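Quick caveat, the model's predicted, so the values are computed rather than measured.
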Amino acid sequence: MNAPHRSGFACFVGRPNAGKSTLTNALVGTKVAITSSKPQTTRHAIRGIVHRPDAQLIIVDTPGLHRPRTLLGQRLNDVVRETWSEVDVVGFCVPADQKVGPGDRFIAAELKKVAKRTPVIGVVTKTDLVSQQQVAEQLVAMQEVLDFAELIPVSAVDGFQVGTLADLLVTRLPEGPQLYPDGELTDEPEATLVAELIREAALEGVRDELPHSIAVTVEEMVPHEGRDDMVDVHALLYVERPSQKGIVLGHKGERLRDVGSTARKHIEALLGSKVYLELHVKVAKDWQRDPKQLRRLGF
């Protein structure tokens with residue numbers, strides 16, 4: 001007898017920078033979620049699709065849940081809670097190299113409300129950074145935080161137990177046909193992914209005070225005139241203050257050029273064609289706190 005085909009949704013939650021996006025990309029097998037050493041990198045619930053002969057697992061990568069200081073922060077938390085209420089299984093990610101802290105307990109308290117109807121799997125991430133002893137200690141610490149359906153250590157970087165985690169998630173999906181066509185890896189519009197790749201490149205280059213202040217919109221994505229192997233992308237980077245514009249531009253525009261060339265490589269890999277990328281920086285005063293501007297920027 002063939003096992004029935006399963007299909008459904010999982011999401012990873014955790015503090016900012018707990019390795020959720022890297023894990024999503026490892027499971028999907030390609031880059032669908034942007035990753036950065038800066039917290040609050042993910043701003044949308046990005047869906048990555050894992051195709052298997054026995055199942056289709058759709059992973060929703062959510063922003064890190066945190067205590068919000070701005071309207072943007074509140075909106076990001078709303079995205080997380082909304083996602084939790086709609087998925088079949090939740091993976092709660094805690095990095096192996098950091099002690100279980102107040103942020104994790106805050107999320108665990110929120111998850112207790114979900115755990116009655118949705119299984120929650122505890123995932124200790126980044127095991128490649130610590131000793132086996134520390135991994136064991138983290139697993140014990142996790143058991144005190146929540147009554148998990150399963151508890152598993154993984155490393156997205158060296159692939160340790162990534163397949164096993166996929167199996168654990170799949171067994172908790174309902175039986176059903178595949179929800180997306182073969183070969184489709186995400187249901188995000190290309191323009192959203194392109195904007196995210198530009199923001200990722202911008203985040204890596206700037207000082208710590210800027211990560212939350214950068215937003216990106218793709219104004220236009222069109223075939224390059226006279227060439228069918230090239231796409232023109234025109235995008236705007238928004239910051240909140242004129243001083244931040246200088247930081248993003250860099251000396252004589254050097255930093256923005258670096259951002260452009262880094263982002264272009266990733267966008268070309270995503271679209272499978274040559275890209276002409278034009279970036280401009282604009283000031284949108286205090287956009288994180290302004291409902292009208294948040295809407296315009298897609299939040």
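- Counting non-hydrogen atoms of neighbouring residues, nucleotides and ligands closer than 6.0 angstrom, the CD atom of Glu175 exceeds 12 such neighbours.
- A side-chain donor from one of Glu137 and Gln133 sits under 3.5 Å from a side-chain acceptor of the other.
- Nearest approach of Lys126 to Ala96, heavy atoms of both residues: O-CB, 3.9 Å.
- Residues His51 and Gln56 bring a donor and an acceptor atom of their side chains to less than 3.5 Å of each other.
- Contact record, Val94 with Met142: CG2-SD, 3.4 Å, taken as the closest heavy-atom pair.
- Each salt bridge (charged side-chain N to carboxylate O under 4.0 Å, His left out) pair with one or both residues in residues 142-160, not counting sequence neighbours, appears once here: Glu150-Arg172.
- Among all heavy-atom pairs drawn from Cys93 and Leu23, the shortest one is SG-CD2, 4.2 Å.
- Applying the side chain to side chain donor-acceptor pair (under 3.5 Å) test to His5 and every residue at least two apart in sequence or in another chain returns nothing.
- Between the side chain of Thr125 and the backbone N or O of Ala18 there is at least one donor-acceptor pair closer than 3.5 Å.
- Using cut-offs of 30° and 60° on the angle between ring planes, the pair Phe148 and Phe92 is tilted.
- In terms of heavy atoms, Leu277 sits closest to Gly260 at CD2-O, 3.5 Å.
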* To do: Could you please spell out the steps behind the side-chain contact (heavy atoms from CB on, under 4.5 Å) verdict for Val259 and Leu279?
  => CA-CA 9 Å; Val259 168; Leu279 298 178; 4.1 Å; yes
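- At least one donor-acceptor pair under 3.5 Å links the side chain of Asp104 to the backbone N or O of Gly101.
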